[in-house]
Amino acid sequence: MDSLGDRFNQMTGKTRFVVCRLFLHLAGKEVAPLLGVLNSAARDAIDADGDIQVFGEGLAEICQSLLQYDVYWQSVANEGDVFWDEGEAGDFVEELFTDSAQRYHSGIEVEGLEDPNDVLSIPITQNLIVMLTVAYEGDVPALQTDLSNISALKTALKELINLHYQDRLRAVQVHFSPAQLGDELTSDQLLLHFPELIPL
Amino acid sequence: MNMLRRFFVYVMIFTLAVTTVACGSSSDQVGSSTNYSASRTSTAIPNRLSNGQYPVQQATYNDADGEYTLMLLNTKPGDSSAYRTTDLQMAQLTDEEISKGQKNYLKLENDQASMHIEKDFKIDYVHNVTEEKSNPQTGQTERVIVRQESSFWSPFAGALAGQAIGSLLFRPQYYVPPIYQSGGIFGFGGYGRTYNQSVNIYQERYNAPPAAVRNRQTVRSTGNLRTPYTQRPTTSTQRRTTGTTGFGLTRDRSTGSGYGTNTLRRSSSPRYRQPSSNSFGTSSRSRQPSRSSFGSSSRRRR
């Protein structure tokens with residue numbers, strides 16, 4: 001029934017907006033270098049002040065790195081929706097940002113009193129979660145499915161890169177936890193705040 | 001036998017009708033591709049004007065949000081004479097129309113507005129001078145309007161206009177004003193059959209989005225991404241994630257950062273979002289097959 005409405009909207013030449021979010025959880029001591037990629041992309045993006053091109057480049061870079069770390073992929077989740085109304089899509093993007101942001105601690109750091117027994121070493125995180133949200137025009141079947149298997153996920157990440165080079169991205173969001181080298185994301189925290197993750 | 005023949009006739013009629021409709025619509029696709037911007041630009045104040053032509057007395061363009069305000073004549077009693085829209089096509093009056101004595105007019109057709117104006121028509125241009133200011137409370141930079149300047153914009157005047165697209169000027173198209181100059185702007189920064197196309201052309205020319213688009217972009221960020229890197233505490237002196245902070249509080253979340261940009265328009269009147277069957281995701285299989293819910297998250301969205 002609804003697909004008939006879709007067909008009709010397509011025929012009348014309306015633009016279709018897709019908003020989708022992808023969670024990717026990587027596990028292993030070797031994933032920490034990804035934090036460098038994520039943080040440098042974040043700094044470039046913040047400096048660019050909302051230029052979708054720069055955000056897209058950062059996203060492409062992140063996807064590229066994620067693809068190279070495919071051995072460490074642990075679990076995944078994705079969700080999304082298709083809109084025929086730009087306003088609704090825009091609202092949904094903002095909603096997803098808020099939802100992604102509440103899953104980690106981003107407020108002012110309460111500086112801990114230093115423990116004299118502290119050794120001069122940094123804990124290396126075992127887990128890393130990356131949340132990518134994009135909004136794009138048109139239809140990308142590879143992204144709009146269930147991505148809970150490795151080959152589907154690989155195709156999806158490649159499609160995300162392509163979307164940038166096709167200039168079809170309209171909104172980009174990247175969230176990651178932990179924030180930097182030296183912070184840890186434990187498995188408990190992961191279970192608690194990312195219950196939707198599905199093991200690969 | 002007769003029955004079968006009649007049935008056959010009906011089937012053929014039906015098929016013919018369906019294929020005719022389908023062909024008609026698909027060939028229309030290119031032409032109507034401009035229409036989507038009509039649906040996506042929901043103006044804040046609903047214009048209650050019926051289809052038709054209205055003489056244009058004055059036009060104003062505000063570059064803060066790209067909104068046109070047109071003062072119209074001959075509107076029906078009870079209707080406002082001001083027409084505000086962000087979705088306006090423009091065209092130059094043809095020589096024929098001018099020789100017939102046609103003046104500047106706004107044509108409304110199926111929610112699509114097009115303004116037909118003379119070559120030297122001046123649109124009042126309200127330029128908003130913006131500045132990046134950092135909000136001391138949140139630490140985030142915001143773009144604020146410092147002052148407004150007024151100027152005028154003649155989309156079809158100037159050498160640029162004539163050479164570039166020739167006769168296309170007489171067909172309604174979207175135009176984006178060129179970069180602001182005090183003392184009048186001539187020509188256009190971008191044009192196209194869709195609003196986005198005109199923005200893209202502007203962007204190619206000036207390497208930056210038009211003011212109206214730039215002001216729509218919102219950047220959000222979380223974590224301490226906005227703090228300069230040198231000012232951040234060095235991590236080697238602290239163990240921040242071992243479960244407790246210095247005050248003995250348990251930390252149930254790890255740290256994280258996020259950032260995002262959104263160039264989509266926001267809906268002017270938030271609506272109850274109808275759940276759609278278009279949604280997709282990993283967890284749709286794990287839940288009951290209600291068409292409304294989707295995604296892997298257990299967070300319930302109505």
Side-chain angles (χ1 to χ4, degrees), chain A residues 2 11-15 42 45-46 49-50 52 55 77-82 86-91 93-94 97 100-101 104-106 110-114 118 120 122-123 135 144-148 170-185 189 192-193 195-196 198, chain B residues 25-26 28-29 32-33 35-36 39-40 42 217-226 233 235-242 245-247 249 251-268 270-271 273 276-283 285 294-299:
Chain A
D2 224 291
M11 275 199 315
T12 51
K14 277 191 175 176
T15 305
I46 294 289
D49 190 38
I52 193 86
F55 274 72
N78 79 308
E79 60 174 319
D81 214 335
V82 178
E86 184 169 354
E88 275 182 39
D91 289 347
V93 168
E94 295 303 321
F97 188 97
S100 302
Y104 52 82
H105 183 84
S106 61
V110 184
E111 296 301 331
L113 300 171
E114 274 177 55
D118 243 2
L120 203 67
I122 329 174
Q144 286 148 227
T145 52
D146 186 340
L147 299 178
S148 58
R170 296 296 305 273
V172 177
Q173 283 168 18
V174 180
H175 295 264
F176 51 94
S177 178
Q180 52 190 312
L181 198 66
D183 294 350
E184 262 184 298
L185 175 69
Q189 291 167 342
L192 208 58
H193 298 293
E196 59 267 80
I198 292 169
Chain B
S25 306
S26 62
D28 206 351
Q29 189 128 1
S32 59
S33 64
N35 285 356
Y36 81 86
S39 60
R40 93 203 134 96
S42 33
Q217 287 176 351
T218 49
V219 186
R220 290 175 77 177
S221 73
T222 60
N224 47 4
L225 284 176
R226 292 210 188 239
T235 45
S236 58
T237 52
Q238 29 174 221
R239 308 283 304 267
R240 298 202 273 175
T241 45
T242 36
T245 64
F247 296 101
L249 302 163
R251 165 68 62 74
D252 70 330
R253 282 167 161 80
S254 175
T255 57
S257 301
Y259 59 95
T261 183
N262 187 355
T263 60
L264 294 163
R265 284 164 201 261
R266 265 16 80 74
S267 60
S268 49
R271 260 174 299 172
R273 203 162 72 81
S276 73
S277 62
N278 286 326
S279 37
F280 51 88
T282 41
S283 75
R285 61 199 160 127
F294 74 90
S296 51
S297 79
S298 52
R299 171 175 71 107

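The sequence lines fix the lettering, A, B, ..., with proteins before strands; numbering per chain opens at 1.
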Report the residue from A:D81, A:V82, A:D146 that forms a side-chain contact (heavy atoms from CB on, under 4.5 Å) with B:F280. A:V82
Those residues that, when tested against A:S100, pass side-chain hydrogen bond (donor to acceptor under 3.5 Å, both in side chains) (two or more places apart): A:R21
Turns out that what part of A:A89 lies under 4.5 Å from chain B's heavy atoms comes down to both
Of the non-hydrogen atoms in B:N262 and A:E94, which two are nearest, and what is the gap between them? ND2-OE2, 2.8 Å
Would you confirm whether B:R220, through its side chain, and A:Q173, through its main-chain N or O, come within 3.5 Å as a donor-acceptor pair? no
Determine the option with the most heavy-atom pairs under 4.5 angstrom with chain B, choosing from A:L192, A:V174, A:T145. A:V174
Looking only at heavy atoms, the pair that brings B:S221 and A:I46 closest together is CB-CD1, 3.6 Å
Spatial distance of atom CG (B:L264) from atom CD (A:E88) [nearest 0.5 Å]: 12.0 Å
Looking only at heavy atoms, the pair that brings B:G260 and A:F55 closest together is C-CE2, 3.6 Å
Would the distance check show the side chain of A:Y104 and the main-chain N or O of B:G258 forming a donor-acceptor pair, the cut-off being under 3.5 Å? yes
Are the side chain of B:S254 and the backbone N or O of A:E184 linked by a donor-acceptor pair below 3.5 Å? yes
Can you tell me which portion of A:F176 sits under 4.5 Å from chain B's heavy atoms? Options are side chain, backbone, both or neither. both
Test your reading of the model: is there a side-chain donor-acceptor pair from B:T255 to the backbone of A:P178, 3.5 Å cut-off? no
Under the rule for side-chain hydrogen bond (donor to acceptor under 3.5 Å, both in side chains), what residues qualify as partners of B:S257, not counting sequence neighbours? none
